[in-house]
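Residue numbering restarts at 1 for every chain, and letters A, B, ... go by the order of the sequence lines. This is a predicted model, so every value here is computed, not measured.
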2 protein chains.
Amino acid sequence: MRIGELAARTGTSRRLLRYYEEQGLIVATRAANGYREYDDRFVDRVKQIRGLLDAGLPTRIIKQILPCLDKPRTIYFPDATPEMLATLERERDRMTERIEFLTRNRDAINEYLDVVRANRQPDVELEPAV
Amino acid sequence: MRIGELAARTGTSRRLLRYYEEQGLIVATRAANGYREYDDRFVDRVKQIRGLLDAGLPTRIIKQILPCLDKPRTIYFPDATPEMLATLERERDRMTERIEFLTRNRDAINEYLDVVRANRQPDVELEPAV
DNA sequence: TCCAACCATCACACAGGTGTGATGGTTGTC
DNA sequence: GACAACCATCACACCTGTGTGATGGTTGGA
């Protein structure tokens, strides 16, 4: 597929797909006319990128993380340098922190919503038709 | 305490504390000389802000969420408008998505690290001194 | 009294993710 | 062949969170 379809199927803009490529997150093949060409796997990959970006990770980090998330797990131990592994561990820990933090706060919001709804219920019922 | 101490105790810069105030996330009282004055509760509050920012939420949203996270839970049902509640629910759902997404990916990274470590172990041991 | 160490405001700058538009090439259809 | 609908590159601009520095007021200790 070409860039327009990928954009539609991932809910991104063409501009961003080019940007992700520029940042080295995806590498499109090129047709003879210069058009970028993508296969289906890019759909998930782009969604993954969007999710990680939304979670607050910068492209620089995403670039390092992505190769480890490939589903067919082809490369077990690539040229993973010790620094690379250290980065991964550090990033994993930061993600764990984020998860815990988000969970705590989401639960607090939930609790708040519950309380508000409980206290609001009474005034929903007005005089029940005497 | 004044801005310098708060900055030190929260690991932020004075600049950012003023920015958060400008964005309506915190409201400092002012001493007679114009200096900002904070009590201890601001330490947690600022850390909370930092965490939410780090998790990818913009100040605009944080501003709406923060009041629901106050620990003494003083305000059960404030002037919570329906739109406000809707925003909260939407944001809670987005946080849940983020949590699930982060968890999946963190686990994948973890799994990757495990595999790499397993496959790397062998070549740590070189010829064991014949 | 002077100086260091705070504080205030304000302005400019930057980086990263994103939008928008200019300019021009390719392709398929009428 | 003309036109619409793609595609390409490039440049400029925006927003948000941050840094940095200029300029000046306050305070407390040598």
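Residue A/R14 contributes atom CZ, which lies 15 Å from atom C1' of D/dT9 at whole-angstrom precision. When rounded to the nearest whole Å, the span between CD of A/E22 and P of D/dC10 equals 10 Å. Taking atom CG on B/D54 and atom P on D/dG17, their separation rounds to 13 Å, with Å as the unit. The OH atom of A/Y35 sits 9 Å away from the P atom of C/dG28 (whole-angstrom rounding). When the P atom of D/dT16 is taken as reference, atom CG of B/L53 falls 12 Å away, rounded to whole Å. Summarising the geometry, the separation between CG on B/L17 and C1' on D/dG19 is reported as 14 Å, rounded to the nearest angstrom. Going from atom CZ of A/R36 over to atom P of C/dG25 covers 17 Å, rounded to whole Å. As a whole-Å value, the separation of A/I3 CD1 from C/dT26 C1' is 15 Å.
Closest-nucleotide positions on DNA chain C for A/N33 and A/S13 were compared, and the one nearer the 5' end corresponds to A/S13.
The two residues B/T59 and B/L53 come nearest to each other via the heavy atoms CG2-CD2, 4.0 Å. Contact record, A/A7 with A/S13: CB-C, 4.2 Å, taken as the closest heavy-atom pair.
The side chain of A/R2 lies closest to D/dC6 when the candidates are D/dT9, D/dG17, D/dC6. Comparing D/dG19, C/dT18, D/dG17 against the side chain of B/R15 picks out D/dG19 as the nearest. Listed candidates were C/dT18, C/dT9, D/dG17. Nearest to the side chain of B/P58 is D/dG17.
Side-chain heavy atoms closer than 4.5 Å link hydrophobic residues (I, L, V, M, F, W, Y) into clusters, and following such links, even through other members, never connects B/Y19 to B/Y35.
The residues B/R104 and B/D107 are annotated as not salt-bridged, no charged nitrogen and carboxylate oxygen being separated by less than 4.0 angstrom.
Contacts of B/R18 with the nucleic acid, taken as non-hydrogen atoms under 4.0 Å apart, include base atoms. Within the nucleic acid shown, A/R60 has no heavy atom closer than 4.0 Å to any nucleic acid atom.
Residue A/R30 places its CZ atom among more than 12 non-hydrogen atoms of other residues, nucleotides or ligands, all under 6.0 Å distant.
Taking only side-chain nitrogens and oxygens, B/T59 never comes nearer than 4.0 Å to OP1 or OP2 of D/dT16. Here B/Y20 reaches the OP1 or OP2 of D/dT18: one of its side-chain N or O atoms lies under 4.0 Å away.
Within 3.5 Å, no donor on the side chain of A/Y19 pairs with an acceptor on the base of C/dG16, nor the reverse.
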